[in-house]
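Keep in mind that the numbers below use all heavy atoms, side chains included, and drop hydrogens, waters and symmetry copies.
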Amino acid sequence: TLYSPQTPQGLTVGTTGSTIDFGRAAPIHSCNAELSAIAPTAQDILIAPDMYLHGKQIPMGGVIRQGQTLPVRLEWLYTRACELMPPDNLGGALVLQGDGWQQSVPLTVGSTWPTELFWHIFRVPASAVGKATLSIVLDTGKTIALADDTINEIKRTFATPTEPPDRLMDAAFNGVGKLIAFDAPLTLKSGAAFPIMLMWQATNTPTADHTVFVHLLDANGQVIAQNDAPPINGDRPTTSWLIGEYISDLHTLTFNQPDYHGPATLEVGLYDPSTGARVLLSNGANHVALPVTIAVQ
């Protein structure tokens, strides 16, 4: 089976020069009388005749966060003898739901013998609170509860900060938010790590977990120090942002050219780590230069 972050359920498999479609998995066994029925174990959950949920990996059972991704992996077991193939597909949906919201993805069981894997990545809504449950809902009307959890509500700031960082900005990143202020040292010791504080105001709830990059550039525009990380080192992914809230985002930059001495500037941007594509600003640029010059000593 072949899958990727963009296609977690797997790619459709076919054969060159043929219309044969194996679904999401290409079997490498030969179906013959020697391959008899497989007996289920005590852990297997009966879904339909000869079909079992054999295993699952679900990151639930503790506390999940608003905006968090939930990768789900299910393994199906088909116990009918191979010579009785093909199996009868069973349709339904994998459903994640909470108070006032629901997400679902179509689910087909029984397309390969004897086992089949299923992947999907859910995203907890940024505004969701309370209990969340994950279930299989079959077309037959049967529902199988898989997991439940409590969504941890993030402490947010919507009031205008009374003491924002000293240097104000107004850099609007399309579909994400505005960089409205920052703090940066005016002098640095070459080779020593140093902090940069960014303050964002969300204008949207993105569908991607963007990474923030902060680069220190030498007089020739070459990157001599940097930090690439999600906001607040992953504690506040952009998928958890709500319109109007303020996020104070600290980044610690480290040098990759510790022998540089002279003037330096800073640039800030956002990108999607799964594709590398940068988020554009309202003026069409893919980063913003901070209005400060730093002396690296």
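- When hydrophobic clusters are built by joining Ile, Leu, Val, Met, Phe, Trp and Tyr residues whose side-chain heavy atoms come closer than 4.5 Å, directly or via intermediates, I47 is not grouped with V137.
- Residues L216 and Q257 are not in side-chain contact: their nearest non-hydrogen atoms beyond the backbone lie 4.5 Å or more apart.
- One distance of note links CD of Q201 with CZ of F158; it measures 10.0 Å at 0.5 Å rounding.
- Put simply, the side chain of T238 does not reach to within 4.5 Å of the side chain of W200, judged on heavy atoms.
- Atom NZ of K131 has 12 or fewer neighbouring heavy atoms from other residues, nucleotides or ligands inside a 6.0 Å radius.
- Formation of a donor-acceptor pair under 3.5 Å by the D149 side chain with backbone atoms of G61 is found in this model.
- A donor-acceptor contact closer than 3.5 angstrom is absent between the side chains of S240 and R65.
- Contact check for N256 versus Q226: side-chain heavy atoms found under the 4.5 Å cut-off.
- Remark: side-chain polar atoms of Y271 are not paired, donor with acceptor, to backbone N or O of N286 under 3.5 angstrom.
- Under the 4.5 Å side-chain criterion, counting only non-hydrogen atoms from C-beta, K56 is not in contact with V72.
- Looking at S190, its side chain does come within 3.5 Å of a backbone N or O of P258 through a donor-acceptor pair.
- Looking only at side-chain heavy atoms (C-beta outward), I180 and M169 stay at 4.5 Å or farther from each other.
- In this structure, D249 and P230 approach most closely via the heavy-atom pair OD1-O, 4.4 Å.
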Worked check of side-chain contact (heavy atoms from CB on, under 4.5 Å) between L290 and L179:
CA-CA 10 Å; L290 304 187; L179 179 61; 4.0 Å; yes
Run the numbers on T133 and L96 for side-chain contact (heavy atoms from CB on, under 4.5 Å), then give the verdict.
CA-CA 6 Å; T133 60; L96 179 68; over 6 Å; no
Under the criterion side-chain contact (heavy atoms from CB on, under 4.5 Å), I'd like the reasoning laid out for D228 against H215: C-alpha separation, chi angles, the key distance, then a yes or no.
CA-CA 9 Å; D228 288 36; H215 294 163; 3.8 Å; yes
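- Other residues, nucleotides and ligands contribute only 12 or fewer heavy atoms inside 6.0 Å of the CG atom of D99.
- Shown here for A132 and I64, the closest heavy-atom pair between the two residues is CB-CD1, 4.3 Å.
- In this structure a side-chain-to-backbone donor-acceptor pair under 3.5 Å is missing from Y52 to G55.
- Here CG of L188 is found 5.0 Å from CZ of F194. Values are rounded to the nearest 0.5 Å.
- Heavy-atom neighbours of N233 CG from other residues, nucleotides or ligands within 6.0 Å: at or below the threshold of 12.
- Between the side chain of D183 and the main chain of D166, a donor-acceptor pair closer than 3.5 Å is present.
- Evaluated for a side chain to side chain contact (heavy atoms under 4.5 Å, CB included) with V176, the options L270, T203, V212 yield exactly one hit, L270.
- In this structure, W241 and R236 have side chains that are in contact, with non-hydrogen atoms separated by less than 4.5 Å.
- At least one donor-acceptor pair closer than 3.5 Å links the side chain of Q103 to the backbone N or O of R123.
- In this structure, CH2 on W76 lies 11.5 Å from CG on D44, to the nearest 0.5 angstrom.
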After noting the C-alpha distance and the side-chain angles of V292 and L186, does the key distance pass the side-chain contact (heavy atoms from CB on, under 4.5 Å) rule?
CA-CA 8 Å; V292 64; L186 294 180; 3.6 Å; yes
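- One N or O on the side chain of H261 and one on the backbone of Q297 form a donor-acceptor pair closer than 3.5 Å.
- Looking at N220, its side chain never comes within 3.5 Å of a backbone N or O of Q222 through a donor-acceptor pair.
- With hydrogens and angles ignored, the 3.5 Å screen pairs no side-chain donor or acceptor of E153 with any backbone N or O of V129.
- At a threshold of 4.5 Å between non-hydrogen side-chain atoms, the residues L253 and L266 count as touching.
- Taken to the nearest 0.5 Å, the NZ atom of K178 stands 9.5 Å off from the OH atom of Y246.
- At least one side-chain heavy atom of L242 sits under 4.5 Å from a side-chain heavy atom of T205.
- Rounding to the nearest 0.5 Å places CG of D272 at 13.0 Å from CZ of R278.
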How far apart are the C-alpha atoms of T252 and N227, what are their side-chain angles, what is the distance that settles it, and do they pass the side-chain hydrogen bond (donor to acceptor under 3.5 Å, both in side chains) test?
CA-CA 6 Å; T252 301; N227 178 265; over 6 Å; no
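- I121 CD1 to R73 CZ: the interatomic distance, rounded to the nearest 0.5 Å, is 13.5 Å.
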